[in-house]
Amino acid sequence: MEYNFKQIEQKWQRKWRDEGTYKVDVDPARPKFYVLDMFPYPSGAGLHVGHPLGYIASDIYSRYKRQMGFNVLHPMGYDAFGLPAEQYAIQTGQHPAVTTERNIARYREQLDKIGFSFDWSREVRTSDPEYYRWTQWAFVEMFDHYYDNRTNRAEPISKLVAHFDEHGSEGIDAAQTTELSFTAAEWAAMDEAAREQVLQNYRLAFRADTQVNWCPALGTVLANDEVKEGLSVRGGYPVEQKRMKQWLLRVTAYAQRMLDGLETLEWSDSLKEIQRNWIGRSVGAQMFFDVDGSDRKLEIFTTRPDTIYGVTFMVIAPEHEWVSELTTDENREAVEQYIDEAKHRSERERIAETRRVSGVATGSYAINPFSGRRIPIYISDYVLAGYGTGAIMAVPAHDSRDYAFARHFSLEITPVVEGGDIEKESYDAKSGKLINSDILNGMDVKQAIAFMFEEIERRGIGKRLVNYRLRDAIFSRQRYWGEPFPVYYKQGVPHTLPLDKLPLTLPAIDNFGPTAEGEPPLARVAGWQTAEGYPYELSTMPGFAGSSAYYLRYMDPHNDKELVSRRADEYWRNVDLYVGGIEHATGHLMYSRFWNMFLYDLGYVCESEPFRKLVNQGMIQGRTNFVYRVVGTNKFVSLGLKEGYHTQEIRVDVNIVKNDVLDLDAFRAWRPEFADAEFILEEGRYICGWAIEKMSKSMFNVVNPDYIVDTYGADTLRMYEMFLGPLEQSKPWDTNGIDGVHKFLRRLWSKFYSREDKLLLNDEEPTRAELKTLHKTIKKVREDIENFSFNTSVAAFMICLNELGDCSKRKILEPLTALIAPFAPHIAEEMWHLLGHDTTVCDAPFPDYDEQYLVESSFEYPVMVNGKLRFKQEYPLTATDEDIRSTIVSAEALQRWLDGKQPKKIIVVRGKIINIVV
RNA sequence: GCGGAUAUGGUGUAAUUGGUAGCCACGUCAGACUUAGGAUCUGAUGCCGAGAGGCGUGGGGGUUCGAGUCCCUUUAUCCGCACCA
């Protein structure tokens, strides 16, 4: 009987669905294992072959763990809110809910064909009100909490209010937007709006007037991770800086914990490094400089307090709040002009002109608190308003940016650390002896920094301080297709809806663009207000809101009382294995950790880190095929012959090319203009050229998994995607090797049935050689799965089959079936039943190996007997005395042995002594 | 500029973790069976050389009895961050 993958796969997929084979429940009697994929955004283009790569890997691991006796949670859902659906709606007028629903149905159909072991009864969709009520709920909780740096956790805002009632701001150490100072009496005198203003300074979800990334083309603000090189990640539109009142999440409160938490995670070093850089911790000193002729004190942050005697000027950002105050009348015009220019430079220009030096003097002077010198204060856009205090002390001798600035404006450059040549460039290295530095002279840099930290605090002019590059996350988007904020405004003061009023559902609209006044789409909704007539917030939440806690919801997806029950949470705890793309390194994977830590502080979840182990699968690139048209004709010349012609390169649909050979008839049928195409063939075939490009519709290189599944079957697709190379590595999709994998499955099948349809399975005893092959394969596959080295397991299966020859023995095929089940579940299931089982193969125990079958020839120390070299040995299974005697010893090695030195180690490879280590 | 990763046949890759480099596939070549083959099966296939043999893991150097693997240096490609004080 032929290997009829279509019949086998349909049969078992239906059965798995009908019988709920992959449904799981809390089972305290069994150990749990949680395997999660990053859920997809259901785009209109459907699933391409790149999507399943990670899903297949995680499915293999899930099935393996299940066969190892674990209760495996392996859910799937959809990240259904998002910009593309809304953009599509603006263009076509189709409601995003409709198109999203349609796309989801398509995704589901495609996913089902691949034979994943998802528990679909736990599916979540972020756009479902029953789901997003918990997103809104978390937001309300964040609004109601602040971060206490003393207890190092989120605390109820009521605790803060109680403190204000009693002591004012005195004694508060909390994560905050700006430093506030007021007494209990002042607090008592504030009205509601003023009090709320103060509380917004502390809330974990808060509103603030900040510098934001504004994307005019998309009509919305974006978070830092949604902007790359001054362009929006989605769409690639220019992004500009703008001051706007926005909702934010105070993720910076958790910066240190997110940094520390990385140590406990099994993530790749490169990913941890990306997060560390993103958080950007730096230890330095806060210092106050007196401003000459003013009682203002200019606050700066520096990591090099040791260079204080080398400070020859100061610089503040153009957006610094004291710009106008520090500017003297004679400089005012120049300063205003400079500020105006800076404002109109886009982020992109600013990045492109990174090395351009620009700035202007304020006319004011500061006093160096150590040397007492009077130094000028400048304004320049190389100082960022968003980092530190937006003001720096400039040390041109030891900072390349300050150096460039000083050179440009001919400012004094005083070296204070030995080692460089300041005529040529600044000396930035943190090593050397201090000079020209009064009390610091003779110390080395590290010593001087430590000394200065103490000295600054002792003199009361500042303190040691840790700064982070991480910014609070902008949380509102001026869009329609997202979670509405459970917020309404009373006389402009924001209030959150009570929890029992959630979810606040997204109203239906039919025009998805911004209003004429530039308001978000929700402004179009008449009556978008509370029953009492208070208006709701008009913006919606960003994409990362819904994906920040979805892994928790999977644990208990139908619970209408809470996000996740204690019982479910304490059983499933956190994700043991998370598989997904590296592109979420600074977005989703940061926000989720923040969100989870917050819920952990509040006692809703029992683990502070959501994803214990993380594997990043590589991206699958497209492999574009080209044909070569002879210019001015409808003749196409094969790749190898094109040199003789003047040709034009045309992209051709990769689905009508096989192994770079063009299907001529399909090509003629592809486009009307090619209907009468003629070909110049080489050896009777048309060979296409190729290139690696991003997989996209416009390049005609999108390969759809459906086509592969229809042609070769799901098991072939699964094994082939794994066979392609290491999981973490990006690689081009290329079907050139798929026949090899398919052939393997057919040969596996032929162990059961001959071509004449005879059942070959028999009960003969296996030979030692066959057992050795089997156990070797089991060992290899077990180790490979644990290491996510699936490509080498596929190779191991092929070797196994080659070595087994025509063996159709039950005692070999039965463990082999259980072994291959995670990779090729359909054929394994069919084989399992042919072997006479009526259970499902995913519950078949994963086979173990026995070392006794694996022993290779192993020689230990040689001993001298009657002047001859003899081996004290463990005999190999098949070795005879003849084998031992014929062991070849190199002359040199033997000589060394005969010199009488005691060898440490004898190197024997395949029965041959290569060397003796003395 | 800083940080991280990668580099092995015509191609994708593998290497017991310092021990015969190239497993397993693709491709190619030869053969068998076929009316036919883009089916199936068998064999060969790193490079140079008729052969003996020599050379081979981006380049150069080092450690070691022994290096794809460790160290130094250099080149190329990819990724992340990028005026972060």
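By convention in this document, chain letters (A, B, ...) are assigned in the order of the sequence lines, proteins followed by strands, and residues within each chain are numbered from 1.
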Complement of [N], any strand, by Watson-Crick or G-U distances under 3.5 angstrom:
N	result
B:rG31	B:rC41
B:rG80	B:rC2
B:rU64	none

key: Smallest separation among heavy atoms of A:F289 and A:I300, with atom names   = CE1-CG1, 3.8 Å

Quick one: which protein N/O atoms are closer than 3.5 Å to N/O atoms of nucleotides 37-40 of chain B? Pair and distance per line, please.
from	atom 1	to	atom 2	distance (Å)
B:rU40	OP1	A:R746	NH2	2.3
B:rU40	O2'	A:R755	NH2	3.1

Between [atom2] of [N] and [atom1] of [X], the distance in whole Å:
X	N	atom1	atom2	result
A:I316	B:rC83	CD1	C1'	17 Å
A:D399	B:rG1	CG	P	17 Å
A:Y468	B:rA85	OH	C1'	17 Å
A:R469	B:rA82	CZ	C1'	8 Å
A:N791	B:rG22	CG	C1'	15 Å

For nucleotides 75-80 of chain B, which of its nitrogen or oxygen atoms have a protein nitrogen or oxygen under 3.5 Å away, and what is each distance?
from	atom 1	to	atom 2	distance (Å)
B:rG80	OP1	A:K228	NZ	3.1

request  = Would you please confirm or rule out a distance under 4.0 Å between OP1 or OP2 of B:rC24 and any side-chain N or O of A:T792?
outcome  = no

key: Ring geometry between A:W749 and A:Y3 (parallel below 30°, tilted from 30 to 60°, perpendicular above 60°)   = tilted

message = Taking the six-membered ring for Trp, are A:F313 and A:F405 closer than 6.0 Å centroid to centroid?
response = yes

Are any protein N/O atoms closer than 3.5 Å to N/O atoms in nucleotides 5-12 of chain B? If there are, list each pair with its distance.
from	atom 1	to	atom 2	distance (Å)
B:rG12	O2'	A:L724	O	2.6

inquiry  = Quiz question: by atom type and distance under 3.5 Å, do the side chains of A:T414 and A:Y309 form a donor-acceptor pair?
reply    = no

query = Do A:D399 and A:S426 have a side chain donor and acceptor closer than 3.5 Å?
reply = no

